[in-house]
2 protein chains.
Amino acid sequence: MGGFPTVTDVARAAGVSRQTVSNVMNSPGIVRADTRQRVEAVIKELGYRPHASARRLRTRRSSTIGIRLDPMIDGISGSVLDRFLHALTEQADAQGLRVLLFTATSPEDEITQFRRLNDGADVDGFVLTSTFAGDPRTHWLIENGISFVTFGRPWGVDDMNDPQHLWVDVDGWAGLHEATRAQQEAGARRVAYIGWPSPSGSGDERRRGWYDAMTERGDVSADDLAELEIVTPDGVSQGTAAMARLRQNAGRIDAVLCASDSLALGAMIANPERVPVTGYDNTPVAAAIGLSSVDQAVDEVAAGVLALLTGEFGGKVHGAPESAEPRHRLVTPRLVVREFAAIPMDVPQDVRLDVPQSVPQSVPQDVPLDVPLDVPQ
Amino acid sequence: MGGFPTVTDVARAAGVSRQTVSNVMNSPGIVRADTRQRVEAVIKELGYRPHASARRLRTRRSSTIGIRLDPMIDGISGSVLDRFLHALTEQADAQGLRVLLFTATSPEDEITQFRRLNDGADVDGFVLTSTFAGDPRTHWLIENGISFVTFGRPWGVDDMNDPQHLWVDVDGWAGLHEATRAQQEAGARRVAYIGWPSPSGSGDERRRGWYDAMTERGDVSADDLAELEIVTPDGVSQGTAAMARLRQNAGRIDAVLCASDSLALGAMIANPERVPVTGYDNTPVAAAIGLSSVDQAVDEVAAGVLALLTGEFGGKVHGAPESAEPRHRLVTPRLVVREFAAIPMDVPQDVRLDVPQSVPQSVPQDVPLDVPLDVPQ
DNA sequence: AAGAAAAGTTTGATCGATCAAATATTTTCG
DNA sequence: CGAAAATATTTGATCGATCAAACTTTTCTT
């Protein structure tokens, strides 16, 4: 009559004790088969569902993980975080975990939220995104013994092997290496790279992937290689400007790789010769425009994050330092090849580094464009 | 020494009873000022935080709202849902509410999740997105007396005034009406519209906004108006095809309005005369390409959803049918005007309705493109 | 100033589940 | 067969907070 049935109701109906009902749900192994079946039948019949809060109060665990919903999710590159969030939620659901969102305006504010959610037993652990060098969040979490896994490796010196810090990341080096190889195999020799200024954890990784592939091949001189590289902050208009500069200074270009889809989209604009352009992140924009792009395998990342969070270490290292279980995972991204220049674009022949006043800006000012996922700010 | 301090610890340290501590937190008004200050000081000193699960067990409310993370969030149009989710989380946080995510593969599956989360006292109510005609979810929730608010009005006959169903929606009519007016004021007379096939709840609304603005002005004949309208399923390549058809059949065109940014992006491609194109949703793509677009004011939508969910009705109607408080909100979208054709595009003169085999497809096949937010499936 | 009313505070019970320890039952084996 | 061991089940206590009702103190009324 009242609300929902409780363990006591089920126990009475099945002619057993509360604890046996509890055991059927949590340690089926220790209940005799016939008893278990009887209880299970009653559970189904009454439509019994355990009361999550009561269980959490007693067990002191919430089966919930917290993740900050990043404001930069609005940008083009933000969609990687979206897809990650979706994959994480889906896979968490499948193993009985819930995902709780929160927002924060700064790393300090985020730490406040950590405390609030942890003290209130709202969550068992956290998933962090957008890590950066000297990230105060990871230090705080480690100090306070709170479980967490980061999507993105720690960028500080030596932090990468900190056994207290569990992480999953995408191998940007491999992504660019494969993308470069793909262009070379398609006949390209002079493959240019538009990247971000160093130091940038993930940016430097990606650049190295391109650089290594180029030097392994060995058919471009060091001087030429230097000409084929250009750095710029992230953004569509920056990509356009960088491409224009490349065309002025680098001589023949057979293909262009970019550190982000934003740059790639921009590069596409100042690309009348329709040189193949490859971006990074495989965002919807890339898909719509028909750009090849390196896809961060968010499903694998999510799986890795959950495995570490629920695995042997329970998201943190409690003893067992001799364990062989790896404390991080490096996921290899996938290159998504698309028909080149699906959208034919043309550009006035007089494109200069500084966009002339008489021509409309190629990027409107009203939207802050897409800080990429993992660039330290 | 053990874990965190509890009410009992605080009570002891402050020399009061548990209940007084509880009152300080929940009904400060009934505690004498000096007592309250003393207790508050102790709370701060001990760093006491209430245990969320214990509170929920006792009060039978979770201060958490559930929302399904939609798979279609990956598409271009999906970013509206993203932005809504972010706004919702931010504003929920501000009023002490948590947001819990879940995924589902179908409306039926979603109902299963509703049951699970509700029975377990995980959530107090739900926010639904992507409503469609005959949506089984809302019926189920109403039947089971579970609180919910939808982003998107109910599309069934008479459903819109169903007093059991609280909703917030964006006024697509007003959006298109304003966009049309804006073009007319800029000197356009023959404004075309690329929309979705009827019946489509939100699609029909938007079309009506354009249609009404055009007939109010009255300088285009009914025949011409029919020529200026074209319907097609959503998608970039569909937009391109539609635009090409318009150019063949509609005579002069001064401006084009589209039911989505996907269509607008497509239309942009087959637009050598650089007729102004306006999209809908103000997605990152529109921002990057420099398309004008109708922005669904997600902040206002989120505020409205929360107000209804926590307001007089608590997300559902329990008596008080004579109340004057509105049971739904219609938010007026904002037109974001951008410099036209920020990205110069050109198209071969021989664009035909069927894309020739020798020319690369304008949209790659490997990505399911962007079902818009509110199109019934 | 006495009694009533209001305001402030405390006590015991309770939400629904699980833990720890006790008890009952079945199995094993000399 | 019967005692010890192994297995199965039950009982009482507990997690941390709030509710409901009892109790104490202060304020108001006449």
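Numbers restart at 1 for each chain; the letters A, B, ... are given by sequence-line order, proteins then strands. Bear in mind that the values here come from a model prediction, so they are computed numbers and not experimental data.
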Between [N] atom [atom2] and [X] atom [atom1], what is the distance in whole Å?
| X | N | atom1 | atom2 | value |
| --- | --- | --- | --- | --- |
| B/Arg61 | C/dC15 | CZ | C1' | 14 Å |
| B/His51 | C/dC15 | NE2 | C1' | 14 Å |
| B/Arg36 | C/dA7 | CZ | P | 15 Å |
| A/Asp34 | D/dT9 | CG | P | 7 Å |
| A/Arg58 | C/dT14 | CZ | P | 19 Å |
| A/Asp122 | D/dA17 | CG | C1' | 14 Å |
| A/Ile30 | D/dT7 | CD1 | P | 12 Å |

Practice problem: Side-chain contact test, heavy atoms from C-beta onward, threshold under 4.5 Å: evaluate it for B/Asp93 versus A/Leu101 and give yes or no. | Solution: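 Contact flag for B/Asp93/A/Leu101 side chains = no.
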Quiz item: Considering only heavy atoms from C-beta outward, does the side chain of B/Glu110 approach that of B/Phe102 to under 4.5 Å?
Solution: yes
Exercise. Quick one: sort the B/Phe126 and B/Phe114 rings into parallel, tilted or perpendicular, breaks at 30° and 60°.
Key: tilted
Exercise. Decide ring-ring contact (aromatic ring centres under 6.0 Å, His included) for A/His165 and A/Phe148; before the verdict, give the C-alpha distance in whole Å, the side-chain angles of both, and the deciding distance to 0.1 Å.
Key: CA-CA 8 Å; A/His165 186 159; A/Phe148 74 97; 5.3 Å; yes
Quiz item: At under 4.0 Å, does any side-chain N or O of B/Arg32 touch on OP1 or OP2 of C/dT9?
Solution: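 Answer yes for this pair, as a side-chain N or O of B/Arg32 is under 4.0 Å from OP1 or OP2.
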Quiz item: Any N or O donor-acceptor pair linking the side chain of B/Arg55 to the base of D/dT18 at under 3.5 Å?
Solution: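 There is none.
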Exercise. Kindly give the heavy-atom pair with the smallest separation between B/Thr103 and A/Thr89, and that separation in Å.
Key: CG2-CG2, 3.6 Å
Exercise. Indicate, with a heavy-atom threshold strictly under 4.0 Å, whether B/Arg49 touches base, sugar-phosphate, or nothing.
Key: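 Sugar-phosphate contact only.
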Exercise. Just call it for A/Thr35: base, sugar-phosphate, or nothing, with non-hydrogen atoms closer than 4.0 Å on any strand.
Key: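 Sugar-phosphate only.
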Quiz item: B/Glu45: what forms a side-chain contact (heavy atoms from CB on, under 4.5 Å) with it, not counting sequence neighbours?
Solution: none
Practice problem: May I ask you to list the residues of residues 11-26 of chain A, by number, that have any heavy atom positioned under 4.0 Å from an atom of DNA chain C? | Solution: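 Correct list: A/Arg18, A/Gln19, A/Ser22, A/Asn26.
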Self-check item: Check: B/Ser62/B/Asp122 side-chain N/O donor and acceptor closer than 3.5 Å
Solution: no
